[in-house]
Amino acid sequence: MTWSRHNLVGHHVGRGVQRGLSSRCARGCLVDDHEGEVPVAPNAVAGPTLLLVHGAWHGGWCWSKLQEALGSRDIPTRTVDLPSAGGRRGIAEDTRAVRHALSSIDGPVVVVAHSYGGIPVSQAIAEMPSVSRVVYLAAFQLDVGESLMGFYGAPAPTEPQEFEPVPDNPRDLFYADVHSAEAAEATARLVPQSAKTFTDAVTVAGWHTIPSTYIICEQDQALPAQLQKKLAVRADDVRHLASGHSPFLSMPQDLAGMLSQIAQEPTS
């Protein structure tokens, strides 16, 4: 078979290859609607902020349900829009976007990367002392010198193109366990992905020095569980969700509970 990026998406993806927050009052206390003011210990350490990084063809919009679920647990979140989605940028530019977002957050950060987002995140977290842990959610936890296409053993295309179009069957690949109306809404928001992101190689892998957790989505049709397991061996901790590729849409409460637990665990 002659390989191209479209073959990769159509074959590997097609077969299984996408704050209700408690407010703080002026006197330094948490406000709870049921319990009133809850004093905060003078030396209390704030929990981490979760930086949520989307995958290919998507945008920061895809995290909204998960952000609401995390907000109900008093966990602050931030998102980032990667310039490769809908643009011609590659991994280097996506990495800069993630690092810019990290530098704007005060205090510790747990970075959650979904799917392709794992590639620029691995680079962005290197030598970023604010990052306490990285979570790969059905994501590409690649090492130095590896690329997305290279992970599948596919050669670089002989006739490079600018964009990888949205897959023909995103409903089955990305949203198989998502309510049909919501899946249709998400599908309508997908944009072409920069083709460079499929062939650019990783230049630094921060997960070698920063604690990492891999969440395997067991019913994933875009990045099958057996392939996720090959990546997960690189992580320090492995969790499982009985979900498709997009648990932030199909089971945001379950994912929020898992991320809350991960974020609260010690990293030393």
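For reference, positions follow the sequence shown, starting with 1. All heavy atoms count here, side chains included; hydrogens, waters and symmetry mates do not.
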*Asks:* If you measure from the Lys or Arg side-chain nitrogens to the Asp or Glu carboxylate oxygens, is any gap between Glu265 and Arg239 under 4.0 Å?
*Replies:* yes

*Asks:* Give me the ring orientation class for Trp63 and Phe248: parallel if the planes are under 30° apart, tilted from 30 to 60°, perpendicular past 60°.
*Replies:* tilted

*Asks:* With a 3.5 Å cut-off and no angle check, do the side chains of Thr77 and Gln67 form a donor-acceptor pair?
*Replies:* yes

*Asks:* For residues Ile75 and Pro48, report the shortest heavy-atom separation together with the two atoms involved.
*Replies:* CG2-O, 4.3 Å

*Asks:* Students often mix this up, so state it plainly: with edges at 30° and 60°, are the rings of Phe140 and Tyr152 parallel, tilted or perpendicular?
*Replies:* perpendicular

*Asks:* Measuring from Asp237:CG to Ile262:CD1, what's the distance to the nearest 0.5 Å?
*Replies:* 6.0 Å

*Asks:* Distance from Ile125 atom CD1 to Ser212 atom OG, nearest 0.5 Å?
*Replies:* 8.0 Å

*Asks:* Give the minimum heavy-atom separation between His54 and Ala85, together with the two atoms involved.
*Replies:* CE1-CB, 4.1 Å

*Asks:* Sub-3.5 Å donor-acceptor pair from the side chain of Asp177 to the main-chain atoms of Gly244, do we have one?
*Replies:* yes

*Asks:* Can any side-chain N or O of Arg189 pair as donor or acceptor with the backbone N or O of Glu185 at less than 3.5 Å?
*Replies:* no

*Asks:* Do the charged groups of Glu68 and Lys65 touch, with an N to O distance under 4.0 Å?
*Replies:* no

*Asks:* With heavy-atom distances below 4.5 Å as the criterion, would you say the side chains of Pro247 and Cys217 are in contact?
*Replies:* yes

*Asks:* Would you say Asp220's side chain and Leu223's backbone share a donor-acceptor pair under 3.5 angstrom?
*Replies:* yes

*Asks:* For a side chain to side chain contact (heavy atoms under 4.5 Å, CB included) check, start with the C-alpha distance between Val112 and Val53, then their side-chain angles and the critical distance, and finish with the verdict.
*Replies:* CA-CA 6 Å; Val112 180; Val53 183; over 6 Å; no

*Asks:* Quick one: do His240 and Ile215 satisfy side chain to side chain contact (heavy atoms under 4.5 Å, CB included)? Show the steps, please.
*Replies:* CA-CA 5 Å; His240 295 258; Ile215 300 178; over 6 Å; no

*Asks:* What I'd like to find out is whether the side chain of Thr197 reaches to under 4.5 Å of the side chain of Leu148, using heavy atoms alone.
*Replies:* no

*Asks:* Quick one: list whatever passes salt bridge (Lys or Arg N to Asp or Glu O under 4.0 Å) with Glu218, sequence neighbours left out.
*Replies:* none

*Asks:* Got a second to check how far Leu241's CG is from Leu137's CG, nearest 0.5 Å?
*Replies:* 7.5 Å

*Asks:* Backbone N or O of Phe163 within a donor-acceptor pair of the Ser194 side chain at under 3.5 Å?
*Replies:* no

*Asks:* Answer yes or no: are there more than 12 heavy-atom neighbours, outside His208 itself, under 6.0 Å from its atom NE2?
*Replies:* yes

*Asks:* Got a second to check how far Ser130's OG is from Ile210's CD1, nearest 0.5 Å?
*Replies:* 8.0 Å

*Asks:* Within the 4.5 Å heavy-atom criterion, are Leu50 and Val111 side-chain neighbours or not?
*Replies:* no

*Asks:* Might you point out which heavy atoms bring Met128 and Arg99 nearest each other, and give the distance in Å?
*Replies:* SD-NH2, 3.3 Å

*Asks:* Can you tell if the side chain of Pro165 reaches within under 4.5 Å of the side chain of Pro192, non-hydrogen atoms only?
*Replies:* no

*Asks:* In terms of heavy-atom contacts, does CD of Glu182 have more than 12 from other residues, nucleotides or ligands at under 6.0 Å?
*Replies:* yes

*Asks:* In Å and rounded to the nearest 0.5 Å, what is the CD1 to CG distance from Ile91 to Asp200?
*Replies:* 4.5 Å

*Asks:* Are side-chain N/O atoms of Tyr214 and Asp236 paired as donor and acceptor at under 3.5 Å?
*Replies:* no

*Asks:* Run the numbers on Arg73 and Gln264 for side-chain hydrogen bond (donor to acceptor under 3.5 Å, both in side chains), then give the verdict.
*Replies:* CA-CA 12 Å; Arg73 292 168 168 80; Gln264 293 171 13; over 6 Å; no

*Asks:* Hey, would you say the His58 and Trp61 ring centroids sit under 6.0 Å apart?
*Replies:* yes

*Asks:* Could you tell me if the side chain of Ile216 sits less than 4.5 Å from the side chain of Val238, heavy atoms only?
*Replies:* yes

*Asks:* Using a 4.5 Å cut-off on heavy atoms from C-beta on, say whether the side chain of Asp143 contacts that of Arg234.
*Replies:* yes

*Asks:* Between Leu51 and Val98, does a side chain to side chain contact (heavy atoms under 4.5 Å, CB included) hold up when you go through it step by step?
*Replies:* CA-CA 9 Å; Leu51 177 63; Val98 176; 4.2 Å; yes

*Asks:* Apply the side chain to side chain contact (heavy atoms under 4.5 Å, CB included) test between Val110 and each candidate in Val135, Thr213, Thr49; give the one that qualifies.
*Replies:* Val135

*Asks:* Is there a donor in the side chain of Ser180 and an acceptor in the side chain of Arg171, or the other way round, less than 3.5 Å apart?
*Replies:* no

*Asks:* Just checking, is any N or O donor in the side chain of Ser122 or Tyr136 under 3.5 Å from an acceptor N or O on the other one?
*Replies:* yes

*Asks:* With the side chain counted from C-beta on, respond yes when Trp57 and Phe174 share a heavy-atom pair under 4.5 Å apart, and no when they do not.
*Replies:* yes

*Asks:* State whether the side chain of Asp81 and the backbone N or O of Gly60 hold a donor-acceptor pair below 3.5 Å, judged by distance alone.
*Replies:* yes

*Asks:* Give the minimum heavy-atom separation between Ala256 and Ala69, together with the two atoms involved.
*Replies:* CB-CB, 3.6 Å

*Asks:* Between Val191 and Val166, is a side chain to side chain contact (heavy atoms under 4.5 Å, CB included) present by the stated rule, with each step listed?
*Replies:* CA-CA 6 Å; Val191 296; Val166 175; 5.6 Å; no

*Asks:* If you look at every heavy atom in Arg78 and Ser104, which pair is closest and at what distance?
*Replies:* NH2-OG, 2.8 Å

*Asks:* Could you point out which residue of Glu93, Glu164, Glu162 forms a salt bridge (charged side-chain N to carboxylate O under 4.0 Å, His left out) with Arg88?
*Replies:* Glu162

*Asks:* If only atom types and distance count, is the side chain of Gln221 paired as donor or acceptor with the main-chain N or O of Gln219 below 3.5 Å?
*Replies:* yes

*Asks:* Between Leu249 and Ala186, what is the shortest heavy-atom contact and its length?
*Replies:* CD1-CB, 4.1 Å

*Asks:* State the NZ-OG distance between Lys196 and Ser84, to the nearest 0.5 angstrom.
*Replies:* 10.5 Å

